[in-house]
Amino acid sequence: MSITIMKNRLFQKNPLSEDQTEELEWDGRLPSEKKYMNGKEEEQALFGEVGDDKVQEEGEELLQESEETESPLELDASKEYAIIVENVVKQFGEERVLKNVSHGFEKGKVHGIIGNNGSGKTVMFKCICGFMQPTEGRILVRGKEIGKDVDFPEHIGIIIETPGFLAFKTGFRNLQILASLNNRIGREEIIRTIERVGLDPAMKKTVSKYSLGMRQRLGIAQAIMEDPDLLILDEPFNGLDKHGVADIRNIIMELKEQGKTILLASHNAEDIRILCDTVCEMDAGILREVSGHETKEE
């Protein structure tokens, strides 16, 4: 039985029940009424009697399910997409955190993702980065499917949730250790990046003694130090004072001018307005685009 037929049946009323004083004999009913009543009898035999409250409740559940069904991903053939998310579902036990998320993120743009805590933004970011595998659907980064063609995207900078560092080593030493994993950059690039985010590369203070804002700046440094062409920034302004926010905004604008693709989640409407070319809202695991280029400050 299709969802449309089920919804029609659930919300359809028996035209005879509204006026119990007018009773018609079965032989006097129109053929269409007889067919309807036969259908009701079959339905009652299968499901039993249901009251108006039950009908309303089941109807709402069906409407919600219809919103979560797969829909074709419509992409503009004239555009180049850095990331394509297609009918992605992520489920933890009985809880469905991502509900058939489909979207294409164009290359070279800053894409804002807004939504309340727990709406699914961070889970989507982790799936894009390969930290989690979708329960259903697929994610393509630069045309390669995550978890199939590659385990993790290449040339990507990430800051998700609270940056983790070795607490009893300096900021410079932390970045040096991270850089040694890929061997793409050396000492000079690390020093320039630390200075770029407003920290002192010669500082002997260990990360355990950093303020929240200093940790956040160091987190941005590790994300950008290898000059990736794709950045996933989940609340990058957390813990920053107004000067820190201004510094990081400027860095993001510079990265955009260099043609980087950036996915940016922020609770600050001003960050989204100033920095983003497109804006999507994540609400209870459902992603919808809410605005395009008009979001940017003219």
Side-chain angles (χ1 to χ4, degrees), residues 82-83 105 110-111 113 121-133 139 141-142 144 146-147 149-241 244-245 247-256 258-266 275:
I83 302 170
F105 296 97
V110 180
H111 303 281
I113 311 294
K121 303 188 304 295
T122 299
V123 172
M124 182 181 73
F125 284 167
K126 288 182 177 180
C127 288
I128 291 172
C129 296
F131 298 160
M132 291 181 177
Q133 289 298 310
I139 296 172
V141 178
R142 303 186 197 89
K144 295 183 178 180
I146 304 303
D149 300 323
V150 292
D151 291 329
F152 306 98
E154 297 178 346
H155 305 294
I156 184 172
I158 304 164
I159 179 168
I160 296 180
E161 297 175 329
T162 304
F165 295 103
L166 299 174
F168 297 103
K169 295 190 179 294
T170 65
F172 174 81
R173 182 58 183 149
N174 266 278
L175 296 193
Q176 199 173 36
I177 292 169
L178 289 171
S180 69
L181 299 175
N182 293 320
N183 286 317
R184 292 192 185 122
I185 60 172
R187 180 184 181 88
E188 293 305 314
E189 290 89 349
I190 295 172
I191 290 173
R192 283 199 300 269
T193 304
I194 292 175
E195 291 174 339
R196 187 179 184 185
V197 299
L199 295 175
D200 180 4
M203 184 169 54
K204 301 302 181 184
K205 183 186 294 187
T206 62
V207 172
S208 64
K209 298 177 182 178
Y210 275 23
S211 67
L212 181 59
M214 292 172 67
R215 284 175 178 261
Q216 196 70 6
R217 288 174 184 262
L218 190 63
I220 298 293
Q222 66 80 28
I224 68 174
M225 66 179 180
E226 293 181 328
D227 194 29
D229 55 19
L230 174 61
L231 286 147
I232 307 290
L233 306 178
D234 188 12
E235 300 293 344
F237 304 103
N238 275 352
L240 296 176
D241 58 21
V245 169
D247 289 344
I248 302 308
R249 280 180 183 171
N250 288 336
I251 289 173
I252 292 173
M253 291 301 294
E254 289 170 6
L255 293 169
K256 181 190 168 184
Q258 295 168 15
K260 313 294 187 185
T261 304
I262 302 171
L263 269 62
L264 168 68
S266 177
L275 297 170

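Everything numeric here is computed off the predicted structure, so don't read it as measured data. All residue numbers in this chain count up from 1 along the given sequence.
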Exercise. Do Ile194 and Met203 pass the side-chain contact (heavy atoms from CB on, under 4.5 Å) test, and can you show the C-alpha distance, the side-chain angles, and the key distance before you say yes or no?
Worked result: CA-CA 11 Å; Ile194 292 175; Met203 184 169 54; over 6 Å; no

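- Considering all non-hydrogen atoms of both residues, His155 and Arg142 come closest at O-NH2, 2.9 Å.
- Here the side chains of Glu226 and Thr193 are not in contact, with every heavy-atom distance at 4.5 Å or above.
- Atoms CG and CG, from Leu255 and Asn250 in turn, are 11.0 Å apart once rounded to the nearest 0.5 Å.
- Not a single donor-acceptor pair under 3.5 Å links the side chain of Asp151 to the backbone N or O of Gly147.
- Within the 4.5 Å cutoff, no side-chain heavy atoms of Thr122 are placed close to those of Phe131.
- Ile158 has its side chain out of reach of Phe152: every pair of non-hydrogen atoms, C-beta onward, lies at least 4.5 Å apart.
- Leu230 is listed as a side-chain neighbour of Ile83, based on a closest heavy-atom distance under 4.5 Å.
- Side-chain N or O atoms of Glu195 include none that pairs as donor or acceptor with a backbone N or O of Arg192 at under 3.5 Å.
- Rounding to the nearest 0.5 Å gives a distance of 12.0 Å between CG of Asn238 and CD1 of Ile248.
- Between the side chain of Gln216 and the backbone N or O of Pro236 there is at least one donor-acceptor pair closer than 3.5 Å.
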For this session: For the pair Leu166 and Val207, evaluate side-chain contact (heavy atoms from CB on, under 4.5 Å) and give the outcome as yes or no after the intermediate values.
Result: CA-CA 7 Å; Leu166 299 174; Val207 172; over 6 Å; no

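- In this structure, CG on Asp229 lies 10.0 Å from CD on Glu154, to the nearest 0.5 angstrom.
- Met225 and Leu178 get closest at one heavy-atom pair: CE-CB, 3.8 Å.
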Problem set entry | Audit row: Val197, Leu218, side-chain contact (heavy atoms from CB on, under 4.5 Å) steps and yes/no | CA-CA 7 Å; Val197 299; Leu218 190 63; over 6 Å; no

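- Across all non-hydrogen atoms, the minimal contact from Gly130 to Ile146 is CA-CG2, 3.7 Å.
- Atom CG of residue Asp200 and atom CE of residue Met214 lie 9.0 Å apart, to the nearest 0.5 angstrom.
- In plain terms, the two heavy atoms of Ile185 and Ala179 that are nearest each other are CG1-CB, 3.8 Å.
- Note that the CZ atom of Phe125 and the CE atom of Met132 stand 13.0 Å from one another [nearest 0.5 Å].
- Within 6.0 Å of CZ in Arg184 there are more than 12 heavy atoms belonging to other residues, nucleotides or ligands.
- Checked by atom type and distance alone, the side chain of Glu235 never pairs as donor or acceptor with a backbone atom of Ile159 at under 3.5 Å.
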Exercise. Would Leu275 and Met253 satisfy side-chain contact (heavy atoms from CB on, under 4.5 Å), going step by step from the backbone distance to the final call?
Worked result: CA-CA 7 Å; Leu275 297 170; Met253 291 301 294; 3.5 Å; yes

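- Contact detail for Arg215 and Phe165: the closest heavy-atom pair is O-CE1, 4.0 Å.
- Here the straight-line distance linking atom CD1 of Ile252 with atom CG of Leu233 works out to 5.5 Å at 0.5 Å rounding.
- Across all non-hydrogen atoms, the minimal contact from Asp234 to Ala265 is OD1-CB, 3.6 Å.
- Considering Pro153, Cys129, Cys127 in turn, Cys127 is the only one that fulfils the side-chain contact (heavy atoms from CB on, under 4.5 Å) rule with Ile139.
- Side chains of Ile224 and Arg196 form a contact here, defined as non-hydrogen atoms less than 4.5 Å apart.
- Between His111 and Thr261, some side-chain heavy-atom pair lies under the 4.5 Å cut-off.
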